[in-house]
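Predicted model, so just to flag it, every value in this text is computed and none were measured.
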Amino acid sequence: MFELDAVLERDSVWVGDFPLCQLRLINNRKAPWFILVPKCEEVEEIHHLDQEERVQLMAESCLVAETMQDIFSPDKLNVAAIGNKVRQLHLHHVARFESDECWPEPVWGKMTQEVYSEEELASILQRVTGLLADDLVTAYK
């Protein structure tokens, strides 16, 4: 049975579910930052997924990346699976801008935290779920 890591749950907001992954928004307005978390038990690395799941993860990752590009028009999109602090497999998608506070350095451990307002959060969720409506199961439909 899939159980979301407590740190991921604390630091993010559920956006919706793809066939393989849960899509979550990191609650930090300093950078648009989503994570994909495969709904699989005890998976820490991409190579722990079977071949079909790996293909599905890549497809879902590309959908998120394309959506972020369309909505935020970042200077660069960082996609990474790190997992040094949270072992549960999760794939980061971070929209980066040359104007952000830690450019060009990685955001991990360097970007300060500033949570979204309710209005900002609602706006992002509406735009993202609108573009992903055909692929994402949400409570917002």
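- Across all their heavy atoms, His47 and Arg54 have their closest contact at O-NH2, 2.8 Å.
- Annotation for Phe97 and Ser73: closest pair CE2-O, 3.7 Å, computed over non-hydrogen atoms.
- Side-chain contact between Leu4 and Trp14 is absent, with no heavy-atom pair separated by less than 4.5 Å.
- Note on Leu89 and Ile26: separate hydrophobic clusters, where clusters join Ile, Leu, Val, Met, Phe, Trp and Tyr whose side-chain heavy atoms are under 4.5 Å apart, directly or indirectly.
- Between Glu114 and Asn28 the shortest side-chain heavy-atom distance falls below 4.5 Å.
- To the nearest 0.5 Å, the span separating CG on Asp11 from CD on Gln113 amounts to 6.5 Å.
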Evaluate the criterion side-chain contact (heavy atoms from CB on, under 4.5 Å) for residue pair Asn78 and Val107; output intermediate values, then yes/no. CA-CA 9 Å; Asn78 295 167; Val107 294; 5.6 Å; no
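- Under the 4.5 Å side-chain heavy-atom criterion for ILVMFWY residues, no single connected hydrophobic cluster contains both Phe34 and Val37.
- Within 6.0 Å of CD on Gln69 lie more than 12 heavy atoms contributed by other residues, nucleotides or ligands.
- In this structure, CD on Glu105 lies 8.5 Å from CZ on Arg96, to the nearest 0.5 angstrom.
- The CD atom of Glu101 lies 3.5 Å from the OG1 atom of Thr112; values are rounded to the nearest 0.5 Å.
- Using a 30° and 60° split on the angle between ring planes, Trp108 and Trp33 fall in the perpendicular class, above 60°.
- There is no side-chain donor-acceptor pair under 3.5 Å between Glu52 and Gln56.
- In the hydrophobic clustering of this structure, Leu36 groups with Leu131; members are Ile, Leu, Val, Met, Phe, Trp, Tyr whose side-chain heavy atoms approach within less than 4.5 Å, directly or through other members.
- If you chain together hydrophobic residues whose side chains sit under 4.5 Å apart, Leu132 and Phe72 fall into the same group.
- Taken together through direct or relayed side-chain contacts under 4.5 Å among Ile, Leu, Val, Met, Phe, Trp and Tyr, Leu91 and Leu77 form part of one hydrophobic cluster.
- Between the CD atom of Gln22 and the OG atom of Ser12 there is a distance of 7.5 Å, given to the nearest 0.5 Å.
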When you look at Val128 and Leu25, which way does the side-chain contact (heavy atoms from CB on, under 4.5 Å) test go after all the steps? CA-CA 10 Å; Val128 169; Leu25 171 66; over 6 Å; no
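- For the pair Gln88 and Glu3, the tightest heavy-atom approach, listed with the atom from each and the gap, is NE2-O, 3.0 Å.
- In this structure, the separation between NE2 on His92 and OG on Ser61 is 12.0 Å, given to the nearest 0.5 Å.
- Asp5 approaches Val7 most closely through the heavy-atom pair OD1-N, 2.8 Å.
- A 4.5 Å side-chain heavy-atom check between Leu63 and Phe18 finds at least one atom pair inside the cut-off.
- In Arg87, the CZ atom is not crowded: 12 or fewer heavy atoms of neighbouring residues, nucleotides or ligands sit closer than 6.0 Å.
- Glu53 and Cys40 make their closest contact through OE2-SG, 3.7 Å (heavy atoms, listed as atom of the first residue, atom of the second, distance).
- The structure places CD1 of Ile35 at 4.5 Å from CG of Leu8, a figure rounded to the nearest 0.5 Å.
- Between Thr138 and Val15, the shortest heavy-atom distance links the atoms CG2-O, 3.3 Å.
- Side-chain contact between His90 and Cys21 is absent, with no heavy atoms from C-beta onward closer than 4.5 Å.
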